[in-house]
Amino acid sequence: MSVRVRYAPSPTGLQHIGGVRTALFNYFFARSSGGTFILRIEDTDRERYDPRALQDIFDTFDWLGIQWDEGPRVGGPYGPYFQSERTALYREHAEKLVQAGQGYYCFCTPERLEKLREEQTKQKEPIGYDRRCRSLTQEEAERRKRGGEPYVVRLKIPLEGTTTFHDRLIGTVVHANKDINPDPVLLKSDGFPTYHLANVVDDHHMRITHILRAQEWIPSCPLHVLIYQAFGWEPPEYCHLPMVMGSDGHKLSKRHGSTSLIEFRNAGYVPEAIINYISLLGWSYDDSRQLFTKEDLEKLFTLDKLNKAPAVFDYKKLEWFNGVYIRERDKGKLKKELIPFLQRDGILSNPITEEEDRKLTACIPLIQERLKFLTDASQWVRFLFKDLPPYPAEALIPKKGSKEEARKSLEALLTTIDQWFEKDPQKSEEFLRTLSESLQIKLGNLLMPLRVAVTGSSVSPPLMESIQILGREETMKRIQRALQLLSE
RNA sequence: GUCUCCUUCGUCUAGUGGUUAGGACACAGGGUUUUCAUCCCUGCAACACGGGUUCGACUCCCGUAGGAGAUGCCA
């Protein structure tokens, strides 16, 4: 039987690291085993539904380059792939359970349940439904239902015995039925199913063979198995993935920093880095390999190399991956990616001018290996496109140098500009070394004032190459201004 | 409270009875370099604890401790 797996997000919030990790593992498992990857939208919570969250799902996976074989936009033989369009199916199944005596109507109001919970908390009793409506006679229940009283459908959890499921990673897990959530709601009073019902019904009808999801679902797994059993269906194979934690050991969330993919994208992360790093959260290939492209993982991913223990999300390591992928990027592609960020920071016009485009192309090789994030580009290239912001005269003086030395350096450089400008780098450097010797100023100290004069900072891309891009006129102007600053 | 899961360097991990416990990130030091970065070298640092089983346990079993997750008409 060929593998069929799904990622089933709920459009109630932005796609985050944890969800995307689950999606990726499902996707890679499908690809590496020649199976099918399905996207199903679990939009059964009408209260929390957010259309922007739906769009975010599409945007996120488009950005990552992950495509599903069945689901929204592409369709498939087991659609529709929005649960909100399948409510008749769930209602029908819930009804079937009631008729079979596996479920029952419950008329308890949210207020009563609220009070019950309060009471249980106060008495330090286990919290859960007290199964009041379970003992209603069928006639009574039917009568109240027909009378228009709001109701939910609950599952009859066996009072005794145990429920067992097998997990590919964890092994066999046994729960005592008395410990399972007492008679969970399957169908809400608004006619929509809860996660438990919709999930099981769809996974069965969509012929899902493996369920890869986070370990936070383990506690509700026996409940799902019970639903399968109530319908007389065979449950799929389970594989509960280790959770992703923040640095404090708690489930990764907002307060740990950026968690939604859109944030990473806006912060200048590159999709290759995200995919590579996330894939190593709870999975590994061997004892040393770190670098994996999406294509690699589509071939190499295997459930056997999953880890059981939760993994702490390390922003530093992600950062490293980001640098790696920026460095090995095609220059043309990098340039295209950089433009929106540079426009956002007001460095390039929108649309970009020919002159800007020429300069940008020239400076990509200068900054590529210096970027950890796409957003870093602005600080490196601003001086090439914009006037220098004011800087103090002291900035022109090297740490182990004097004002006089700085002045001398700049004057010498200004008068000899034609001898080091527009020459090949080697000759230029040769000249500057000679100049530094004749002035008795160390090369570093000779060039630092120039660097600051031209770039406005003591940290910059390679100087001579930058100056080539800046142009002779502008360079001279900046040196003159620096000299003026020193004489004030 | 109850239930379930988990436990190797600070972090991600390799390891399936006999290893100087390996790699990566981070950190520290050094080299290359006109700054920064890249690159290279070196260092740092771990089997939670206690019992078994065994000639021999990081590896198997049982406890303890610690951590996490779940206990909704959210998923």
Side-chain angles (χ1 to χ4, degrees), chain A residues 8-13 19 42-45 47-48 106 108-110 113-114 117 120-121 123-129 150-154 167 169-170 173-176 178-182 184-190 192-196 198-199 214-222 240 242-243 245 247 249-251 277 280-291 305 307-321 323 327 367-372 376 380 398 429 432-433 436 442-448 450-452 455 457-464:
Chain A
S10 157
T12 53
E42 307 222 327
D43 53 349
T44 55
D45 185 342
E47 305 258 316
R48 297 200 302 150
C106 167
C108 295
T109 63
L113 296 176
E114 176 79 18
R117 209 166 303 139
Q120 287 166 335
T121 309
Q123 303 294 323
K124 300 204 167 149
E125 287 169 19
I127 293 166
Y129 182 52
Y151 69 95
V152 302
V153 174
R154 287 183 184 273
D167 184 284
L169 226 204
I170 316 273
V173 182
V174 183
H175 280 77
K178 67 173 170 52
D179 294 325
I180 299 175
N181 179 2
V185 172
L186 298 181
L187 197 70
K188 303 184 247 185
S189 57
D190 64 2
F192 276 72
T194 58
Y195 167 84
H196 306 296
N199 200 258
Q215 286 182 357
E216 58 186 321
W217 291 105
I218 290 180
S220 52
C221 198
H240 288 93
M243 311 250 309
M245 315 302 239
S247 50
H250 286 77
K251 201 165 138 182
Y277 177 64
L280 262 13
L281 245 29
W283 183 83
S284 62
Y285 179 67
D286 61 14
D287 62 347
S288 59
R289 183 167 171 186
Q290 307 286 323
L291 264 23
K305 303 293 286 181
N307 209 72
K308 287 185 194 177
V312 173
F313 191 86
D314 182 0
Y315 288 86
K316 276 286 187 192
K317 189 153 188 180
L318 208 209
E319 192 175 311
W320 175 76
F321 275 113
R327 262 173 259 136
I367 63 169
Q368 181 164 24
E369 68 183 18
R370 275 160 254 266
L371 301 179
K372 279 211 170 78
D376 288 344
W380 287 108
E429 179 168 344
L432 290 168
R433 281 194 192 282
S436 109
K442 285 202 300 191
L443 189 59
N445 282 7
L446 170 70
L447 261 20
M448 185 52 81
L450 179 62
R451 181 183 307 280
V452 174
T455 72
S457 165
S458 61
V459 176
S460 80
L463 228 204
M464 290 305 141

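FYI, side chains are in, hydrogens and waters are out, and symmetry mates aren't considered; it's all heavy atoms of this structure. Numbered from 1 within each chain, the chains take letters A, B, ... in sequence-line order.
- At least one side-chain nitrogen or oxygen of A:K305 sits closer than 4.0 Å to the OP1 or OP2 atom of B:rG15.
- A:D45 has a carboxylate O that lies under 4.0 Å from a charged side-chain N of A:R48, or vice versa, which qualifies the two as a salt bridge.
- For A:K317 against B:rA24, a side-chain N or O and a base N or O form a donor-acceptor pair under 3.5 Å.
- Among B:rA75, B:rC6, B:rC27, the nucleotide with an atom closest to any side-chain atom of A:K316 is B:rC27.
- Nucleotide B:rU20 has no partner under the Watson-Crick or G-U criteria, as no pair reaches both atom distances under 3.5 Å.
- The phosphate of B:rC3 (OP1 or OP2) has no side-chain N or O of A:N181 nearer than 4.0 angstrom.
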Practice prompt. Could you go through the ring pair (Phe, Tyr, Trp, His ring centres under 6.0 Å) check for A:W320 and A:Y315 one step at a time?
Written response: CA-CA 9 Å; A:W320 175 76; A:Y315 288 86; over 10 Å; no
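- Look at CD on A:Q120: it is 12 Å from C1' on B:rU2, rounded to the nearest Å.
- Nearest nucleotide to the side chain of A:K188, out of B:rC74, B:rU11, B:rA37: B:rC74.
- Taking the P atom of each, B:rC12 and B:rA68 are spaced 14 Å apart, rounded to whole Å.
- Between B:rC5, B:rU34, B:rC73, one nucleotide has an atom nearer to the side chain of A:R154 than all others, and that is B:rC73.
- Nucleic acid contact class of A:S460 (heavy atoms, under 4.0 Å, all strands): base.
- A:H175 comes within 4.0 angstrom of the backbone, heavy atoms only, and of no base.
- Here B:rG69 presents its P atom at 18 Å from CG of A:D167, a figure rounded to the nearest Å.
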